[in-house]
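The structure under discussion appears below in the form of structure tokens.
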Amino acid sequence: MGAVAKTGKAAQQPKVPSRGSGVEVRKTICSICMSRCGIDAYVKDGLIIKIEGTRENPHSKGTLCSKGAAGRQYVYHKDRIRTPLLRKGDRRSERFEPIEWERALDLIANRLSQIKSESGAESVVFYAGYPKWMRPFLKRLALTFGSPNYCTESSTCSRAAAMAAALNYGAMGIPDIEKTRCLLVWSKNPFYSNTSDVRKLLDARERGMKIIEVGPLITPMTAHADIHLRIRPGTSGALALGMARVIIEEELFDLDFVENWSIGFEEYRSYVEAFTLQETERITGVPEELIIRAARLYATTKPAALMTGASPTVHHTNGVQNHRAITALVGLTGNFDQEGGNYVLPPAATGVSNGMVTRQGEFEQPRPWEEMPPRIGEDRYPVWCRMVGEAQSIHLPFQIRSREPYPIRALLGFGMNYRMWPGSDFMRESLEMLDFFVAVDLFMTDTAKMADLVLPACTSFERSELKIYPERHVIWTTPAIEPLGESRSDADIIFEIAGRLVPDDHIMQEGYESCVDWILGPTNLTLDQLKRHPSGYQVQNVQMPPYKKYEKKGFRTPSGKMEFTSLILQDAGLDPLPRYEEPKLSSYGTPQVSRDFPLILTTGARLPMFIHSRTFRLPWSRELRPDPMVDINPFDAQDRDISQGDWVDLCTRRGSIRIKANLTEIVMPGVVNMYHGYPEADVNQLIEPDYLDPISAYPGFKSLLCEVRKP
Ligand SMILES: Nc1nc2c(c(=O)[nH]1)N[C@H]1C(S)=C(S)[C@@H](COP(=O)(O)OP(=O)(O)OC[C@H]3O[C@@H](n4cnc5c(=O)[nH]c(N)nc54)[C@H](O)[C@@H]3O)O[C@H]1N2
Ligand SMILES: Nc1nc2c(c(=O)[nH]1)N[C@H]1C(S)=C(S)[C@@H](COP(=O)(O)OP(=O)(O)OC[C@H]3O[C@@H](n4cnc5c(=O)[nH]c(N)nc54)[C@H](O)[C@@H]3O)O[C@H]1N2
Ligand code: SF4
Ligand SMILES: [Mo]
């Protein structure tokens with residue numbers, strides 16, 4: 001609290017860095033989203049009095065989005081946890097008392113060791129929410145401890161898309177935006193979700209790149225698009241198959257690639273026959289004429305690249321097959337691993353692929369899965385566990401309840417938010433059933449309030465962190481300010497626990513910085529070197545891999561080729577074709593439900609000022625959209641006698657929430673859109689916990705049925 005008051009006063013004083021003013025500019029990065037924009041923190045007397053974007057950061061180039069600009073409100077928020085807290089009383093009492101760090105860490109080590117000896121290491125889960133920078137250390141800790149149950153928020157994020165593409169190709173390429181002539185943007189809105197990537201896109205547009213946008217919503221991209229295919233939510237797969245039919249029928253496909261580098265083409269060709277223009281329009285709502293134009297433009301403009309969102313195509317009960325159908329277009333048109341097409345790069349580190357090679361993968365996986373008990377979800381979602389190096393966290397509440405195939409008793413959660421889950425109340429109640437739950441977070445969240453032990457983490461302003469940018473710029477930050485209260489870096493917490501729990505892991509016992517050096521090994525960069533470049537270091541002479549690597553190495557699929565029919569899916573008894581099925585709740589598939597719930601609900605399309613649960617509490621973010629609102633088309637609103645700003649009930653078969661109506665043509669008639677994560681109006685309560693894609697277990701967040709009613 002003191003810090004907040006002082007910041008207020010300090011904010012009145014001159015903010016010019018000089019010896020006389022006592023103001024110093026320290027280089028750091030924003031931790032609110034994955035982009036990690038460079039930040040100049042103006043620090044006086046140990047407090048941040050102002051922030052600006054770092055101009056010399058080649059990724060963000062001095063810009064900050066509205067969330068990042070509110071960074072001081074994030075760092076100094078009154079909800080920041082200041083000390084480790086131990087629960088007093090039962091899970092619902094919300095009574096805690098501060099305890100010392102040493103006691104807290106010993107308690108964790110003792111409880112986890114005890115649980116391991118009683119019911120096996122696998123009954124302990126190591127979880128990371130959206131924050132990703134500490135994951136390699138957490139995963140290594142879990143696996144060395146002996147638990148295969150390392151899982152993350154990526155069980156609802158980009159992994160299913162990566163997995164679907166990998167079923168087709170072994171690995172997916174990134175869109176080569178700088179060199180492409182046509183960009184097929186399939187459900188991604190970087191203007192809100194990845195602001196620091198937009199400049200590159202607009203530059204390409206200015207030099208003449210065509211844009212085809214696919215997605216049910218009107219977005220800032222729509223104004224820049226040559227064609228917008230406004231699909232009914234959940235029907236991406238059908239649209240992709242319909243486009244494929246045009247491309248094949250008009251012989252616009254790459255015959256050489258298909259003949260020499262793929263399997264299953266004939267089955268695929270005969271399957272897409274069913275997706276006539278008429279049928280595709282009926283399913284997707286996209287006019288025939290636009291389907292033809294888009295298919296021709298994408299297939300005949302060379303090179304063309306596909307850019308998909310991290311999650312909107314897979315947040316459906318038919319998500320993996322939808323995404324397979326979409327990505328099949330890349331091989332079909334000969335744009336796979338091509339200059340200006342989709343270029344395959346190995347992952348570097350911190351979630352970025354830029355040609356650099358590190359040892360992050362090796363670091364994270366100290367032992368193979370085969371040596372360990374099955375992961376959570378492995379029996380139900382074997383393809384997920386075969387393709388993705390994590391347990392499936394969406395299955396976690398089910399296993400906590402069923403205790404099958406073995407009990408889950410403890411959970412160490414870094415940035416865990418139960419509202420991420422469909423049926424969030426179901427997840428919340430499942431957490432109550434644990435014997436021991438530790439929450440590590442910045443803020444005293446509703447999830448942290450359920451923990452037995454709460455540990456205060458600090459923000460990126462208060463810690464050291466490695467970030468590798470797509471531009472091959474690397475930064476190792478040093479704290480701009482001391483950690484607030486007794487908060488600590490997640491990395492320090494993980495290494496303290498590792499010191500107690502896995503003394504035999506010699507690499508981890510060397511400490512955080514040594515491990516980062518170890519990961520960076522192949523790059524020849526060292527932290528000593530990076531420390532001399534506080535705003536980051538531009539790596540020179542990265543050997544970029546060639547295009548068309550498959551010509552020498554084949555594809556990393558079972559057949560060694562691109563698979564229109566997936567052998568892995570076939571092996572698992574699933575349909576090998578990218579078959580289209582209606583979402584489990586849809587006006588065509590379940591007319592009996594749509595009688596009472598005639599509107600399609602899509603949730604979570606990104607808003608610029610919010611990021612999941614995190615920025616609702618910041619006054620600058622909140623005032624941009626103060627009330628939870630459902631976007632509804634004026635036609636649907638009129639039918640229901642609803643006006644702008646009216647309080648309405650958004651209802652599904654599972655329940656309802658009261659929110660305000662936002663009348664907008666961003667959504668088409670018949671579709672409503674609601675952002676997730678509001679603490680006071682949680683849309684995930686309205687979704688069944690088992691409303692999932694059968695291959696990936698991804699929730700159908702973006703296509704279900706609902707109604708909007710006046711109370
Ligand atoms: N400001 C902000 N930025 C974020 C986040 C945030 O919460 N806030 N979250 C981050 C995370 S974790 C992620 S995963 C990314 C996601 O970011 P993006 O991948 O850009 O995804 P969205 O904004 O959810 O959706 C993009 C577009 O998908 C389309 N879409 C919506 N429903 C459907 C549907 O049913 N089917 C299809 N095919 N398309 C649909 C819409 O037209 C929408 O505009 O953003 C990241 N960046
Ligand atoms: N209905 C619906 N639900 C969705 C989605 C959707 O589109 N619709 N999107 C899904 C997707 S794609 C995603 S990625 C998930 C995201 O889901 P979550 O992982 O729930 O994301 P957040 O709420 O941003 O972050 C979780 C917690 O991490 C804490 N945190 C932030 N930084 C740090 C840190 O450095 N250290 C620690 N220890 N904690 C930190 C935050 O305070 C917060 O409590 O939501 C999913 N849920
Ligand atoms: S895009 Fe915004 S929230 Fe994300 S790192 Fe940059 S400034 Fe922070
Ligand atoms: Mo995500």
Side-chain angles (χ1 to χ4, degrees), residues 29-39 53 59-60 63-71 79 128-134 152-158 185-196 213-219 221-222 230-236 239 308-313 315-316 322 326 413-422 424 439-443 445-448 455-460 463 465 489-490 493 583 600 602-615 666 671 673-677 682-684 686-687 699 701-703:
I29 56 178
C30 173
S31 61
I32 298 182
C33 91
M34 280 281 286
S35 303
R36 295 291 199 255
C37 298
I39 286 199
H59 185 66
S60 50
T63 61
L64 294 177
C65 77
S66 64
K67 304 180 293 302
D79 292 352
Y130 180 89
K132 298 181 172 68
W133 68 283
M134 83 295 258
T152 72
E153 134 288 2
S154 297
S155 288
T156 64
C157 191
S158 55
V185 183
W186 207 296
S187 299
K188 183 172 173 94
N189 177 13
F191 290 83
Y192 293 172
S193 61
N194 297 87
T195 42
S196 52
E213 186 190 13
V214 183
L217 307 182
I218 291 177
T219 71
M221 177 80 78
T222 315
R230 214 172 177 196
I231 50 166
R232 175 166 69 94
T235 64
S236 286
L239 178 64
T308 55
S311 56
T313 55
H315 279 170
H316 302 277
N322 274 352
I326 298 164
F414 287 76
M416 171 172 257
N417 165 27
Y418 68 77
R419 290 204 178 88
M420 178 188 92
W421 273 257
S424 41
V440 187
D441 209 297
L442 308 173
F443 305 109
T445 63
D446 288 344
T447 310
L455 301 181
C458 66
T459 70
S460 58
R463 68 189 181 214
E465 177 180 343
S489 148
D490 294 287
I493 299 171
I600 301 173
T602 175
T603 68
R606 301 317 185 227
L607 289 170
M609 71 297 269
F610 298 137
I611 175 152
H612 311 300
S613 69
R614 254 178 284 165
T615 51
I666 281 178
V671 175
N673 174 46
M674 168 82 197
Y675 196 71
H676 61 294
D682 176 6
V683 74
N684 284 2
L686 308 185
I687 306 177
F701 287 138
K702 287 186 170 56
S703 46

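Atoms within each ligand, like the ligands themselves, are counted from 1 in listed order. Only this structure's heavy atoms are used, side chains among them; waters, hydrogens and symmetry mates stay out.
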Please work out which of [options] has its closest non-hydrogen atom nearest to [atom].
atom                    : options                : value
atom 19 (O) of ligand 1 : G677, S35, C157, A310  : A310
atom 36 (N) of ligand 1 : K132, M34, H316, K702  : H316
atom 35 (O) of ligand 2 : M134, R419, R463       : R463
atom 7 (O) of ligand 1  : F191, Y675, Y192, W186 : Y675
atom 24 (O) of ligand 1 : P216, A605, G215       : A605
atom 31 (C) of ligand 2 : H676, M674, R614       : R614
atom 18 (P) of ligand 1 : S703, P608, S193, S66  : S193

Give me the residue, atom name and distance of the protein heavy atom closest to [atom].
atom                    : result
atom 8 (N) of ligand 2  : T603 OG1, 3.3 Å
atom 4 (C) of ligand 2  : F701 CE1, 3.3 Å
atom 45 (O) of ligand 2 : M420 CG, 3.4 Å
atom 38 (N) of ligand 2 : D490 OD1, 2.8 Å
atom 11 (C) of ligand 2 : T156 OG1, 3.5 Å
atom 39 (N) of ligand 2 : G415 CA, 3.5 Å
atom 44 (O) of ligand 2 : D441 OD2, 2.8 Å
atom 33 (C) of ligand 2 : P131 CG, 3.4 Å
atom 9 (N) of ligand 1  : R606 NE, 3.0 Å
atom 12 (S) of ligand 1 : H612 NE2, 3.0 Å
atom 21 (O) of ligand 1 : P312 CG, 3.3 Å
atom 42 (O) of ligand 1 : L217 N, 3.2 Å

Looking only at distances, please establish whether an N/O atom of ligand 1 is found under 3.5 Å from an N/O atom of [X].
X    : value
L607 : yes
E153 : no
N189 : yes
S187 : yes
P233 : no
T602 : yes

Over 60° means perpendicular and under 30° means parallel, so tell me whether F701 and H315 are parallel, tilted or perpendicular.
perpendicular
Tell me the contacting part of N684 for ligand 2: side chain, backbone, both, or neither, using a 4.0 Å heavy-atom threshold, strictly below.
side chain
Hey, is F443 touching ligand 2 through its side chain, its backbone, both or neither, going by heavy atoms under 4.0 Å?
side chain
Does any non-hydrogen side-chain atom of [Y] lie less than 4.5 Å from one of [X]?
X    : Y    : value
D490 : R463 : yes
I326 : T308 : yes
P190 : M221 : yes
P608 : T195 : no
P422 : N684 : no
D446 : R419 : yes
H612 : E153 : no

Which protein N, O or S atoms does atom 4 (Fe) of ligand 3 have within a distance shorter than 2.8 Å?
C33 SG
In ligand 1, which numbered atoms sit nearer than 4.0 Å to a non-hydrogen atom of [X]?
X    : value
F610 : 1 (N), 2 (C), 6 (C), 7 (O), 8 (N)
G234 : 35 (O), 36 (N)
G604 : 24 (O)
K188 : 20 (O), 26 (C), 27 (C)
S236 : 37 (C), 38 (N)

[X] side chain to [Y] side chain, donor-acceptor N/O pair below 3.5 angstrom:
X    : Y    : result
W186 : S236 : yes
E213 : T222 : yes
H59  : S196 : yes

Is the closest N or O pair between [X] and ligand 2 shorter than 3.5 Å?
X    : value
N417 : yes
S613 : yes
I687 : no

Give a yes/no verdict on whether any heavy atom in W133 is under 4.0 Å from an atom of ligand 2.
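Yes, that is the case, since the closest heavy atom of the residue is under 4.0 Å from the ligand.
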Which residues pass the side chain to side chain contact (heavy atoms under 4.5 Å, CB included) test with S158, sequence neighbours left out?
A310
With side chain to side chain contact (heavy atoms under 4.5 Å, CB included) as the criterion, how do C30 and R36 come out once you've worked through the C-alpha distance, each side chain's angles and the decisive distance to 0.1 Å?
CA-CA 5 Å; C30 173; R36 295 291 199 255; over 6 Å; no
Under a 4.0 angstrom heavy-atom cut-off, which atoms of ligand 2 come close to S311?
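In order of number, 12 (S).
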For C33 and Y130: C-alpha separation, side-chain torsions, deciding distance, then whether side chain to side chain contact (heavy atoms under 4.5 Å, CB included) applies.
CA-CA 9 Å; C33 91; Y130 180 89; 3.7 Å; yes
